[in-house]
Amino acid sequence: MADHDPRPPRRAKPLPLPSEVALVLQGGGALGSYQAGVIEALSAIAIEPGWVAGISIGAVNAAIVAGNPPERRVARLREFWDQTTSWLPSFPILPEDHVREFVHAWSAGFVALAGVPGFFGPRFVPPVFAAPGTPEALSFYDSTPLRATLDALIDWDLVNDGPVRLSVGAVDVESGNFRYFDTAEERLDARHVMASGALPPGLPPVEIDGRWYWDGGLVSNTPLQHVLDHQREGMIVFQVDLFSAADERPRTITDAAARAKEITFSSRTRQVTDQLMKLRRERELVRRVLAKLPAELRDDADVARLAAMSAEQPVSLVHLIYRANAWEGGARDFEFSTRTMREHWAAGRAAVEATMENAELVAENILTGRTAAFDLTR
């Protein structure tokens with residue numbers, strides 16, 4: 001895929017990085033190649049995460065990052081995305097929205113019929129004819145090929161013993177509880193990544209230690225909350241979202257389907273971000289009030305507890321959000337064509353470059369130790 005974007009990355013001013021650098025990757029199927037472009041662009045300016053957290057396709061990209069040394073990550077990502085899009089070549093088409101929309105829908109339909117190489121394929125026996133209670137009865141596709149792909153691209157010893165922390169989220173089928181599998185607490189393998197992306201009824205649940213798990217996006221499509229709940233030092237978080245919370249009013253039925261999916265998978269992200277900013281503002285107010293107390297009150301047990309509750313480490317949250325083209329409908333997350341993948345990849349690179357052109361705001365925030373969220377690509 002070396003010809004997907006031959007331009008060298010634009011040079012950017014170095015960003016003063018805090019103690020922790022985290023990369024948070026949302027779920028979104030075929031849109032995940034946008035995240036690969038972001039990872040490539042960040043690597044080109046020497047921003048390497050110490051923690052990667054992902055849901056669904058974000059878990060796949062995150063595992064590839066954690067399971068390869070820095071100099072090999074982008075090549076491994078290219079291998080994955082080249083393989084998954086190899087069945088749908090790029091035909092010459094007119095650069096017109098209606099034509100692109102037709103080709104987009106055709107490509108998604110082909111995936112629905114034939115699956116994605118190295119990822120999932122259709123079952124020969126429809127689920128209604130399979131034995132009840134088996135994975136075959138619960139899904140239209142077989143995700144077994146993904147295990148071989150992950151094992152070929154990822155060094156699991158490096159994932160579990162290396163310098164990059166990996167967290168992937170999934171939901172317990174029976175309890176409905178959300179769970180993060182985290183290398184800080186346990187050893188991970190291909191099953192945990194597959195569980196994070198087991199979106200029903202397309203893909204089957206994945207069994208781990210006697211429990212069945214589905215796609216974490218059913219509960220929350222962003223792992224941001226998990227990262228912030230376990231923050232220990234000053235941190236910058238690059239959050240790569242594949243669905244935009246804000247968009248234009250839909251005009252057609254395909255627009256409506258696409259907009260509904262955007263709202264569904266972006267709402268939790270917006271909620272977490274809003275709650276984070278609100279909580280940080282409240283804690284800052286508490287700290288200011290405590291600083292005004294006379295010295296004789298500062299050793300009071302209740303004051304000490306309040307001071308501990310309001311203590312926090314600063315975080316700079318940098319949003320990198322994919323904003324869909326006019327021709328991309330509700331099938332955008334399973335349209336695995338080569339052309340579209342390359343466009344998504346280039347868009348991820350461009351988002352990082354645009355952000356770094358305005359990085360003085362982020363740099364000032366890091367140097368002054370404040371907490372803020374940034375979307376510098378609008």
So which heavy atom on [X] is nearest to which on [Y], and how close?
| X | Y | value |
| --- | --- | --- |
| P250 | A256 | CB-N, 3.7 Å |
| E335 | A108 | CG-N, 3.8 Å |
| V227 | A53 | CG2-CB, 3.8 Å |
| L203 | G197 | CD1-O, 3.3 Å |
| V24 | T222 | CG1-OG1, 3.7 Å |
| R332 | A324 | NH1-CB, 3.3 Å |

Can you get from [X] to [Y] by hopping between Ile, Leu, Val, Met, Phe, Trp and Tyr side chains that sit under 4.5 Å apart?
| X | Y | value |
| --- | --- | --- |
| I236 | V164 | yes |
| L297 | L306 | yes |
| V289 | V286 | no |
| F374 | I321 | no |
| L361 | L320 | yes |

Checking the side chain of [X] only, and the main-chain atoms of [Y] only, is there a donor and an acceptor separated by less than 3.5 Å?
| X | Y | result |
| --- | --- | --- |
| R298 | L293 | yes |
| D241 | F243 | no |
| D333 | L31 | no |
| S139 | P201 | no |
| H344 | M341 | no |
| R349 | A41 | no |
| S143 | F120 | no |
| Q239 | Q26 | no |
| N61 | G32 | yes |
| E312 | P314 | no |

Less than 4.5 Å apart, side chain to side chain, heavy atoms only: is that true for [X] and [Y]?
| X | Y | answer |
| --- | --- | --- |
| L218 | L199 | yes |
| I57 | F80 | yes |
| P70 | S43 | no |
| P117 | S86 | yes |
| T183 | V159 | yes |
| R191 | F181 | no |
| P223 | Y180 | yes |
| T340 | S107 | no |

Is it true that [X] and [Y] have a side-chain N and a carboxylate O under 4.0 angstrom from each other?
| X | Y | result |
| --- | --- | --- |
| D82 | R342 | no |
| E20 | R232 | no |
| D209 | R179 | no |
| R76 | E79 | yes |
| R339 | E343 | no |

Just how far is it from atom [atom1] of [X] to atom [atom2] of [Y], taken to the nearest 0.5 Å?
| X | Y | atom1 | atom2 | value |
| --- | --- | --- | --- | --- |
| R73 | L42 | CZ | CG | 11.0 Å |
| I154 | N68 | CD1 | CG | 7.5 Å |
| L290 | L285 | CG | CG | 9.5 Å |
| L77 | I64 | CG | CD1 | 5.0 Å |
| Q231 | L228 | CD | CG | 6.0 Å |

Handout entry: Parallel, tilted or perpendicular, as decided by the 30° and 60° cut-offs, for the rings of F336 and W81
Key = parallel
Practice task
Step through the shown structure and confirm whether more than 12 heavy atoms of other residues, nucleotides or ligands are within 6.0 Å of CZ on F178.
Solution key: yes
Exercise for the section: Verify the distance criterion only: is there a donor paired with an acceptor across the side chains of H226 and D182 at less than 3.5 Å? Expected result: yes
Exercise for the section: Would you mind telling me which of R287, R288, R281 makes a salt bridge (Lys or Arg N to Asp or Glu O under 4.0 Å) with E284? Expected result: R288
